[in-house]
Amino acid sequence: MHPSEALNTKQPATGIHPLRFVLVLMMVSIFMIFAAYTSAYIVRRNEGNWLEFDLPFGFLVTTLILAASSVSVQWAWFAARKDELNQVRTALIVTTVLGTAFLVGQWQMWAQLVGQRIFFAGTDANPSGSFLYVLTGVHAFHLITGLIFLLIVLRKSFNYQVHSRQMLSIGNVTIYWHYLGALWLYLYLFLLLNH
(Lines give C-alpha, C1' and ligand atoms only; values in the text may rest on other atoms or scores of the structure.)
Protein backbone atom coordinates (compact mmCIF):
# COMPACT_ATOMS: atom_id res chain seq x y z
CA MET A 1 0.00 0.00 0.00
CA HIS A 2 1.30 3.45 -0.87
CA PRO A 3 2.02 5.65 2.21
CA SER A 4 -0.48 8.29 1.07
CA GLU A 5 -3.21 5.62 0.85
CA ALA A 6 -2.43 4.51 4.41
CA LEU A 7 -2.75 8.11 5.57
CA ASN A 8 -6.16 8.46 3.90
CA THR A 9 -7.53 5.39 5.68
CA LYS A 10 -7.12 7.17 9.02
CA GLN A 11 -9.52 9.97 8.11
CA PRO A 12 -12.91 9.77 9.83
CA ALA A 13 -15.59 8.31 7.57
CA THR A 14 -17.99 11.11 8.47
CA GLY A 15 -15.66 13.90 7.31
CA ILE A 16 -16.23 15.54 10.71
CA HIS A 17 -13.83 15.75 13.64
CA PRO A 18 -14.54 13.01 16.23
CA LEU A 19 -15.14 15.57 19.00
CA ARG A 20 -17.63 17.47 16.84
CA PHE A 21 -19.34 14.15 16.01
CA VAL A 22 -19.63 13.31 19.74
CA LEU A 23 -21.09 16.77 20.34
CA VAL A 24 -23.72 16.23 17.63
CA LEU A 25 -24.64 12.83 19.09
CA MET A 26 -24.94 14.41 22.54
CA MET A 27 -27.20 17.17 21.23
CA VAL A 28 -29.41 14.64 19.45
CA SER A 29 -29.77 12.61 22.66
CA ILE A 30 -30.61 15.76 24.66
CA PHE A 31 -33.23 16.66 22.04
CA MET A 32 -34.76 13.19 22.38
CA ILE A 33 -34.98 13.61 26.17
CA PHE A 34 -36.86 16.89 25.86
CA ALA A 35 -39.05 15.58 23.05
CA ALA A 36 -40.08 12.73 25.36
CA TYR A 37 -40.71 15.08 28.30
CA THR A 38 -42.79 17.55 26.29
CA SER A 39 -44.78 14.70 24.71
CA ALA A 40 -45.45 13.25 28.17
CA TYR A 41 -46.47 16.74 29.34
CA ILE A 42 -49.13 17.01 26.61
CA VAL A 43 -50.45 13.49 27.24
CA ARG A 44 -50.65 14.01 31.01
CA ARG A 45 -52.28 17.44 30.65
CA ASN A 46 -55.07 15.93 28.56
CA GLU A 47 -55.84 13.37 31.28
CA GLY A 48 -57.21 16.05 33.63
CA ASN A 49 -56.40 17.05 37.23
CA TRP A 50 -54.13 19.73 35.82
CA LEU A 51 -53.53 22.93 37.76
CA GLU A 52 -53.49 25.99 35.50
CA PHE A 53 -51.23 28.86 36.63
CA ASP A 54 -49.34 31.71 35.03
CA LEU A 55 -45.62 31.37 34.46
CA PRO A 56 -43.64 33.87 36.52
CA PHE A 57 -42.64 36.96 34.53
CA GLY A 58 -39.03 36.30 35.51
CA PHE A 59 -38.84 33.47 32.99
CA LEU A 60 -38.97 36.12 30.26
CA VAL A 61 -36.08 37.94 31.94
CA THR A 62 -33.98 34.77 32.14
CA THR A 63 -34.79 34.08 28.48
CA LEU A 64 -33.42 37.50 27.52
CA ILE A 65 -30.30 36.87 29.64
CA LEU A 66 -29.66 33.59 27.85
CA ALA A 67 -30.21 35.27 24.47
CA ALA A 68 -27.60 37.88 25.41
CA SER A 69 -25.19 35.08 26.32
CA SER A 70 -25.59 33.63 22.82
CA VAL A 71 -24.49 36.99 21.43
CA SER A 72 -21.42 37.05 23.68
CA VAL A 73 -20.35 33.49 22.86
CA GLN A 74 -20.65 34.30 19.16
CA TRP A 75 -18.50 37.39 19.81
CA ALA A 76 -15.86 35.06 21.33
CA TRP A 77 -15.92 32.86 18.22
CA PHE A 78 -15.53 35.82 15.86
CA ALA A 79 -12.70 37.19 18.01
CA ALA A 80 -10.89 33.84 17.88
CA ARG A 81 -11.14 33.86 14.09
CA LYS A 82 -9.34 37.22 14.15
CA ASP A 83 -6.79 36.14 16.82
CA GLU A 84 -8.11 38.80 19.21
CA LEU A 85 -7.32 36.76 22.32
CA ASN A 86 -8.22 39.46 24.85
CA GLN A 87 -11.66 39.76 23.26
CA VAL A 88 -12.02 35.97 23.28
CA ARG A 89 -11.34 35.88 27.02
CA THR A 90 -13.60 38.85 27.74
CA ALA A 91 -16.46 37.40 25.70
CA LEU A 92 -16.13 33.97 27.32
CA ILE A 93 -16.14 35.58 30.79
CA VAL A 94 -19.24 37.60 29.86
CA THR A 95 -20.94 34.43 28.59
CA THR A 96 -20.08 32.59 31.80
CA VAL A 97 -21.44 35.44 33.94
CA LEU A 98 -24.66 35.60 31.90
CA GLY A 99 -25.06 31.81 32.04
CA THR A 100 -24.63 31.91 35.80
CA ALA A 101 -27.13 34.79 36.02
CA PHE A 102 -29.60 32.66 34.04
CA LEU A 103 -29.25 29.81 36.56
CA VAL A 104 -29.65 32.17 39.52
CA GLY A 105 -32.75 33.61 37.86
CA GLN A 106 -34.17 30.12 37.33
CA TRP A 107 -33.57 29.33 41.01
CA GLN A 108 -35.43 32.51 41.96
CA MET A 109 -38.32 31.48 39.70
CA TRP A 110 -38.49 28.15 41.53
CA ALA A 111 -38.61 30.03 44.85
CA GLN A 112 -41.41 32.19 43.47
CA LEU A 113 -43.33 29.10 42.37
CA VAL A 114 -42.98 27.60 45.85
CA GLY A 115 -44.30 30.91 47.22
CA GLN A 116 -47.33 30.42 44.96
CA ARG A 117 -47.71 26.90 46.41
CA ILE A 118 -46.61 25.23 43.16
CA PHE A 119 -44.57 22.27 44.38
CA PHE A 120 -42.44 19.60 42.73
CA ALA A 121 -43.63 16.76 44.96
CA GLY A 122 -45.66 16.06 48.07
CA THR A 123 -49.33 16.01 48.95
CA ASP A 124 -49.89 19.55 47.66
CA ALA A 125 -48.12 18.95 44.35
CA ASN A 126 -49.84 18.85 40.99
CA PRO A 127 -48.47 17.23 37.81
CA SER A 128 -48.37 20.62 36.07
CA GLY A 129 -45.94 21.98 38.64
CA SER A 130 -43.91 18.77 38.69
CA PHE A 131 -43.46 18.89 34.92
CA LEU A 132 -42.40 22.54 35.09
CA TYR A 133 -39.70 21.74 37.65
CA VAL A 134 -38.49 18.73 35.65
CA LEU A 135 -38.30 20.58 32.33
CA THR A 136 -36.54 23.62 33.76
CA GLY A 137 -34.35 21.53 36.07
CA VAL A 138 -33.07 19.18 33.36
CA HIS A 139 -32.32 22.18 31.16
CA ALA A 140 -30.48 23.84 34.06
CA PHE A 141 -28.37 20.69 34.48
CA HIS A 142 -27.35 20.81 30.83
CA LEU A 143 -26.61 24.52 31.14
CA ILE A 144 -24.25 23.71 34.02
CA THR A 145 -22.43 21.31 31.67
CA GLY A 146 -22.25 24.19 29.18
CA LEU A 147 -20.71 26.45 31.83
CA ILE A 148 -18.08 23.81 32.62
CA PHE A 149 -17.33 23.56 28.90
CA LEU A 150 -17.02 27.38 28.72
CA LEU A 151 -14.57 27.42 31.63
CA ILE A 152 -12.44 24.72 29.96
CA VAL A 153 -12.29 26.77 26.74
CA LEU A 154 -11.55 29.93 28.76
CA ARG A 155 -8.60 28.15 30.40
CA LYS A 156 -7.42 27.07 26.95
CA SER A 157 -7.62 30.68 25.78
CA PHE A 158 -5.26 31.73 28.58
CA ASN A 159 -2.88 28.97 27.43
CA TYR A 160 -2.99 30.31 23.83
CA GLN A 161 -4.82 27.19 22.62
CA VAL A 162 -7.76 29.13 21.11
CA HIS A 163 -7.02 31.11 17.96
CA SER A 164 -7.64 31.11 14.22
CA ARG A 165 -5.63 27.90 13.75
CA GLN A 166 -7.24 26.10 16.71
CA MET A 167 -10.97 26.74 16.43
CA LEU A 168 -12.35 23.30 17.36
CA SER A 169 -12.92 23.86 21.08
CA ILE A 170 -14.42 27.34 20.75
CA GLY A 171 -16.44 26.15 17.77
CA ASN A 172 -17.85 23.26 19.77
CA VAL A 173 -18.68 25.36 22.83
CA THR A 174 -20.34 27.99 20.61
CA ILE A 175 -22.50 25.36 18.90
CA TYR A 176 -23.44 23.77 22.24
CA TRP A 177 -24.24 27.10 23.88
CA HIS A 178 -26.44 28.22 20.99
CA TYR A 179 -28.14 24.82 21.15
CA LEU A 180 -28.89 25.25 24.86
CA GLY A 181 -30.28 28.71 24.16
CA ALA A 182 -32.50 27.42 21.35
CA LEU A 183 -33.62 24.53 23.57
CA TRP A 184 -34.61 26.94 26.34
CA LEU A 185 -36.50 29.14 23.86
CA TYR A 186 -38.40 26.06 22.71
CA LEU A 187 -39.21 25.10 26.32
CA TYR A 188 -40.25 28.62 27.26
CA LEU A 189 -42.57 28.97 24.26
CA PHE A 190 -43.90 25.45 24.83
CA LEU A 191 -44.73 26.26 28.46
CA LEU A 192 -46.30 29.61 27.52
CA LEU A 193 -48.54 27.98 24.94
CA ASN A 194 -49.43 24.91 27.01
CA HIS A 195 -49.83 26.32 30.50
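All values below were derived from every heavy atom in this structure, side-chain atoms included, with hydrogens, water molecules and symmetry-related copies excluded.
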Nearest-0.5 Å distance that lies between atom CG in L183 and atom CG in L135: 9.5 Å
Inter-residue atom distance K82.NZ - F78.CZ, 0.5 Å rounding: 8.0 Å
Pi-cation contact, Y160 with R89 (under 6.0 Å, within 45°): yes
Aromatic ring pairing Y41/F190, orientation class (parallel under 30°, perpendicular over 60°, tilted between): perpendicular
Test side chain to side chain donor-acceptor pair (under 3.5 Å) applied to Q166 - qualifying residues, sequence neighbours left out: none
Test of ring centre spacing under 6.0 Å for F34 and Y186: no
Side chain to side chain contact (heavy atoms under 4.5 Å, CB included) partners for F141, two or more places apart: T145
Gap between atom CZ of F120 and atom CG of N126 - 0.5 Å precision: 13.0 Å
Backbone N/O of S164 and side chain of D83: donor-acceptor pair under 3.5 Å: yes
Sequence neighbours excluded, every pair satisfying salt bridge (charged side-chain N to carboxylate O under 4.0 Å, His left out) that has a member inside residues 68-80: none
Parallel, tilted or perpendicular: ring planes of H139 versus W184, cut at 30 and 60 degrees: tilted
Ring geometry between W50 and F131 (parallel below 30°, tilted from 30 to 60°, perpendicular above 60°): tilted
